[in-house]
Structure formats: structure tokens, C-alpha cells
Undergrad: 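For reference, the structure I am asking about is given below.
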Amino acid sequence: QVQLVESGGGLVQAGGSLRLSCVASGGTFSNYAMGWFRQAPGKEREFVSAISWRGGNTYYADPVKGRFTVSRDNAKNTVYLQMNSLKPEDTAVYYCAADSGYGGVVVSTKAAVYDYWGQGIQVTVSS
């Protein structure tokens, strides 16, 4: 069983930056592809970004391309989401998730594929 704990959220003004961290425990972190998703009030959970087991493959949703960067440090069992040029529409609860399929090599944008989820962390961007 893998436990995921997010940190780094908060309130920031539009144009500002935040870095989310997600620390994993209880499993072999390097065997998992990791994803970030978000859910705004009244909306469905949506894909934000994902990274393969060694970080060689990364994916981004169109709304965050060029502004967000996903990375991981397998020695620290941690995945990061650097968020720059934040916009009010980025306001949401952000979740990290782990996918054990294919040993972490294949990266998915679909929430249903991910086996483990963090509790989520609030990011609020004020205008």
C-alpha cells in the first residue's frame, strides 16, 4: 500500500508561483508513474501532468503547458509540480497519484488508471 502526501499549496496572487511536493511511502517509488490532477469547485477532476518512473517522459494538459513543470527525485520518493505564471483558473484542489502499471514506464492521463491518491491540497490564485 502506497501513501501519498502533498504539500506546498496555498494562496498566491495571479502571476505568482508555487511548488507542490508529493512524498510517497509504503512502496517502491521508482516503480510508479506519477500524475498530478486537480479539481475545481463544481467541476470534474482533470489531468494536469504526469511523469514516468525515471522522469524521461512527461506530459502536460494544454492549459498548463509552458507554465507548469513536473519532476521527480526517486532518492527522496518525491514528485514535484512547479507552477509558474499562475492564473485564477488554476484554483483547485491538487492531487498527486501513483500508477503501478507497466512498472512506471507508461504514463497515463486518465485518472482511472492510477492506483493510489493523496488527500489533495488547496491552491488558490487571486486576481
Side-chain angles (χ1 to χ4, degrees):
Q1 188 77 7
V2 175
Q3 291 81 43
L4 302 173
V5 179
E6 301 100 336
S7 63
L11 174 64
V12 64
Q13 289 188 333
S17 299
L18 284 174
R19 187 176 81 156
L20 303 183
S21 299
C22 173
V23 178
S25 60
T28 303
F29 182 70
S30 58
N31 287 348
Y32 296 91
M34 299 298 296
W36 286 97
F37 293 78
R38 67 186 182 186
Q39 188 167 18
K43 296 187 177 181
E44 293 187 354
R45 190 170 299 189
E46 65 176 3
F47 171 77
V48 175
S49 182
I51 186 167
S52 61
W53 69 306
R54 285 186 176 180
N57 294 320
T58 58
Y59 295 89
Y60 299 93
D62 286 343
V64 308
K65 281 181 181 176
R67 300 188 297 122
F68 290 12
T69 303
V70 64
S71 62
R72 65 189 296 162
D73 184 339
N74 287 346
K76 296 182 178 180
N77 290 354
T78 303
V79 62
Y80 304 98
L81 186 68
Q82 178 67 44
M83 305 185 294
N84 298 330
S85 302
L86 282 161
K87 304 175 181 180
E89 50 263 45
D90 294 318
T91 295
V93 176
Y94 283 71
Y95 299 87
C96 71
D99 171 19
S100 62
Y102 301 102
V105 175
V106 176
V107 178
S108 176
T109 63
K110 300 185 183 303
V113 169
Y114 289 80
D115 308 290
Y116 305 101
W117 291 82
Q119 80 286 353
I121 193 161
Q122 179 69 44
V123 171
T124 303
V125 184
S126 63
S127 57

Undergrad: Mind checking the OG-CD1 spacing from S71 to I51? Nearest 0.5 Å is all I need.
TA: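 One gets 6.0 Å once the value is rounded to the nearest 0.5 Å.
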Undergrad: Provide the closest heavy-atom pair for S21 versus T78 in the form atom of the first, atom of the second, distance.
TA: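 In this case the closest contact between S21 and T78 is CB-CG2, 4.2 Å.
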Undergrad: Count I, L, V, M, F, W, Y as connected when their side-chain heavy atoms are under 4.5 Å apart, and connections chain through other members. Are V107 and L4 then in the same cluster?
TA: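 Each belongs to a different hydrophobic cluster.
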Undergrad: Going through the checks in order, is the salt bridge (Lys or Arg N to Asp or Glu O under 4.0 Å) test met by K87 and D90?
TA: CA-CA 5 Å; K87 304 175 181 180; D90 294 318; over 6 Å; no
Undergrad: Does Y95 use its side chain to pair, donor to acceptor, with the backbone of E6 at less than 3.5 Å?
TA: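 Pair absent, no side-chain N/O of Y95 close to backbone of E6.
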Undergrad: For W53, is there any backbone N or O sitting under 3.5 Å from a side-chain donor or acceptor partner on R72?
TA: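 Present.
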Undergrad: Distance check, rounded to the nearest 0.5 Å: L81 atom CG versus T69 atom OG1?
TA: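 Going from CG on L81 over to OG1 on T69, the span is 8.0 Å.
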Undergrad: For S108 and V113, work out which heavy atoms get closest and say how close.
TA: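 Nearest heavy atoms, S108 then V113: OG-CG2, 3.5 Å.
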Undergrad: Where is the tightest heavy-atom contact between A92 and A40, given as atom of each residue plus distance?
TA: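 It is CB-N, 3.8 Å.
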Undergrad: Closest approach of V70 and A50, non-hydrogen atoms and distance?
TA: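 Shortest heavy-atom contact: CG1-O, 3.7 Å.
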Undergrad: Counting distance only, does the side-chain N/O of T124 pair as donor-acceptor with the main-chain N or O of T91 below 3.5 Å?
TA: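 It does not hold such a pair.
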Undergrad: Identify the residue among Q39, Q122, R38 that makes a side chain to side chain contact (heavy atoms under 4.5 Å, CB included) with Y94.
TA: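 Among Q39, Q122, R38, the one meeting side chain to side chain contact (heavy atoms under 4.5 Å, CB included) with Y94 is R38.
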Undergrad: Just how far is it from atom CE of M34 to atom CG of N77, taken to the nearest 0.5 Å?
TA: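 Interatomic distance, M34 CE to N77 CG, rounded to 0.5 Å: 9.5 Å.
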Undergrad: Looking only at non-hydrogen atoms, find the nearest pair between N74 and S30 and report the distance.
TA: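 Nearest heavy atoms, N74 then S30: ND2-CB, 3.6 Å.
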Undergrad: In terms of hydrophobic clustering (I, L, V, M, F, W, Y; side-chain heavy atoms under 4.5 Å; direct or indirect links), are V48 and L86 co-clustered?
TA: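 Yes: a chain of side-chain contacts under 4.5 Å links V48 to L86.
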Undergrad: Taking the side chain as every heavy atom from C-beta outward, state whether D115 and D99 have any atom pair closer than 4.5 Å.
TA: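 When only atoms from C-beta onward are counted, D99 and D115 do touch, with a gap below 4.5 Å.
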Undergrad: What residue pairs, at least two apart or across chains, pass ring pair (Phe, Tyr, Trp, His ring centres under 6.0 Å) with a residue in residues 11-43?
TA: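 Sorted result for residues 11-43: F37-F47, F37-Y114, F37-W117.
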Undergrad: Which atom names give the shortest non-hydrogen contact between I121 and G9, and what distance separates them?
TA: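 So the two residues come closest at CD1-N, 3.3 Å.
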Undergrad: Before giving the answer on side-chain contact (heavy atoms from CB on, under 4.5 Å), spell out for V12 and M83 the whole-Å C-alpha distance, their side-chain angles and the decisive distance to 0.1 Å.
TA: CA-CA 11 Å; V12 64; M83 305 185 294; over 6 Å; no
Undergrad: Using atom types as modelled and distance alone, determine if a side-chain donor or acceptor of S85 lies under 3.5 Å from a backbone N or O of G15.
TA: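 Side chain of S85 to backbone of G15: no pair is present.
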Undergrad: Only pairs at least two apart or in different chains count here, so list each disulfide bond (SG atoms under 2.5 Å apart) that has a residue in residues 4-109.
TA: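 Found C22-C96.
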Undergrad: Spell out, yes or no, whether V123 and Y80 are grouped together once hydrophobic residues are joined by side-chain heavy atoms under 4.5 Å, including indirect joins.
TA: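 Result: no, two separate clusters.
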Undergrad: Any sub-3.5 Å donor-acceptor pair from Q13's side-chain atoms to S126's backbone N or O?
TA: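 Checking the backbone N and O of S126 against the side chain of Q13, no donor-acceptor pair under 3.5 Å is found.
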